[in-house]
Amino acid sequence: MRFTRFTMLGLLAFLAACATPPPVTDRDALAEFNANNDPAEPFNRAVFAVNQGLDTVLVRPATMAYRTLVPSPARTGLRNALRNIRTPVILLNDMLQGEPQRAGNTLGRFVVNTTLGLGGLIDVADWYWGVPFHNEDFGQTLATWGVGEGPYLVLPLLGPSNPRDTLGFAVDIATQPLTWVGSGFEVSLLSGLRTGLGLLDAREAVQDTLDEVNRTSLDPYATLRSGYRQGRNAAIANRDRGAQPAR
Amino acid sequence: MTRRGIAAILLGMAALPAHAQMDTARAASFIQAAGNELVGVINNGRLSAQARREQVATILRRAVDLEGVGRFVLGRFWRVASPAEQQEYLRLYEESLVRNLAGRFGEFQGVRFELGRTQSRTEEDALVSTVVQRPGQAAFNLDWRIADVGGQPRIVDLIAEGTSLRLTQRSEFASVITRGGGQVSALIAALRQQLAQ
């Protein structure tokens, strides 16, 4: 029963770290508390502080090294390839969201870029046919099905999230066929490489924004909480970059 | 024309107020002009980084409704603040906003922008969308919210990839004040400290 006791202990620590809502008499403060939807704020802030520390000593230096060592055209090619590899997940979610046209774009891009784009390294579909990349994930699909986001969460290492997006993230991994392909040393190595490069690439894309937030915000935690929500809402409504008509 | 397109136009007509406070054509030409001016300065290789930032700041002071944005960002705490605090806050906020934006824009060498679709959103303001491109970087959407301030078009919000500057900052400032015991002076102190750096 050691596991259960340990779990209980963790749960208690979590509950003890929950924020106290303002009194009902302070209506503005209460409205704001509800809008922030962050009942576990003290707990989240603690995880955030650990993440920020890891970021300074580990993640940011790795990102900067990646930027210095790998020239921009190679990074672009890698990003294109990673996006191409992600096709099954995007396609599935396009379909689950009832977006046949976007699903068609995803499939067409995959065929064109895998062949003419040399295995996905060159985004021919975008620059020649004007069909730009768009992303989708299962967290967005759940949102279009009407599932609420739940309370704000800061995950260790991964950062801003919520129960809906955390579940979505797990489903994305499970619905990526490559997760289940083969076994053995070489396959594990390649799959580890893909995950590592994927994280590095995702991080590189937002590094300037994060630097800006850390440099100018008086409370980076609050800024990122608001920014994460707004960014996700834009992505759910397909108002993010990939949703725009081609140039 | 699709049925959805026609429906959108009908809806758009129904939503039009009797006198549009800010018509989209005016908003778009305002952003075209201000944007060209900004890009001209940012891409002027003969200017030092310092001179570039200063000239960008001058354009922003003219084009942005600094007081309006400042009041919006302080939100419900504007009423709580004393007149002296309101004044001091606005002074510090305007300086901080201009400095932060000028610093950011100043780094955008080689930047190009294109006007996207322009949509009128509310009775009071128009949203002008642009696509910003920098060499070797992914393009991003930057939307400008334009309102009529004293008869002149002015920028009241910047929305980068769906994230509104003024909404994000309002959340940030509310957090600073709440954690500072509900005192606007806590925010003023934090702003002052940041500007002193």
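Predicted model only: the values in this text are computed from it and were never measured.
Once rounded to the nearest 0.5 Å, the distance linking CD of A/E41 with OG1 of B/T178 reads 8.5 Å. In this structure, CD in B/Q169 is found 8.0 Å from CG in A/L218, a value given to the nearest 0.5 Å. Rounding to the nearest 0.5 angstrom, the gap separating the CD atom in A/E32 from the CD1 atom in B/I177 is 8.5 Å. Here the straight-line distance linking atom CD of B/E172 with atom OH of A/Y221 works out to 14.0 Å at 0.5 Å rounding. Atom CZ of residue B/R134 and atom CG of residue A/D208 lie 6.0 Å apart, to the nearest 0.5 angstrom.
Residue A/R27 places its CZ atom among 12 or fewer non-hydrogen atoms of other residues, nucleotides or ligands, all under 6.0 Å distant. The number of heavy-atom neighbours closer than 6.0 Å to CD of B/Q87, taken from other residues, nucleotides and ligands shown, is 12 or below. By the neighbour-count criterion of 12 heavy atoms within 6.0 Å, atom CZ of B/R112 is sparsely surrounded, having that number or fewer from other residues, nucleotides or ligands. Within 6.0 Å of the CZ atom in A/F169, the count of heavy atoms belonging to other residues, nucleotides or ligands does not exceed 12.
Proximity to chain B (any heavy atom under 4.5 Å) is shown, for A/A205, by neither the backbone nor the side chain. Contact annotation for B/R170: neither backbone nor side-chain heavy atoms come within less than 4.5 Å of a heavy atom of chain A.
No hydrogens or angles considered: a donor-acceptor pair under 3.5 Å links the side chains of A/Q230 and B/T168.
The two atoms that bring A/E212 and B/N100 nearest to each other are OE2-O, 4.0 Å, heavy atoms only. When all heavy atoms of B/S175 and A/D219 are compared, the closest pair comes out as OG-OD2, 2.5 Å.
Among A/S217, A/A234, A/G231, the residue making the largest number of heavy-atom pairs under 4.5 Å with chain B is A/S217.
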### Task
Step by step, work out the salt bridge (charged side-chain N to carboxylate O under 4.0 Å, His left out) result for B/D143 and A/R239.
CA-CA 11 Å; B/D143 297 346; A/R239 279 185 285 114; over 6 Å; no
### Message
Under the criterion side-chain contact (heavy atoms from CB on, under 4.5 Å), I'd like the reasoning laid out for B/S171 against A/N36: C-alpha separation, chi angles, the key distance, then a yes or no.
### Response
CA-CA 8 Å; B/S171 190; A/N36 284 341; 4.1 Å; yes
Let me have the donor-acceptor pairs involving side chains of residues 180-195 of chain B, under 3.5 Å, with sequence neighbours excluded, atom names and distances please.
from	atom 1	to	atom 2	distance (Å)
B/R192	NH2	B/E88	OE2	2.7
B/Q194	NE2	A/T216	O	2.6

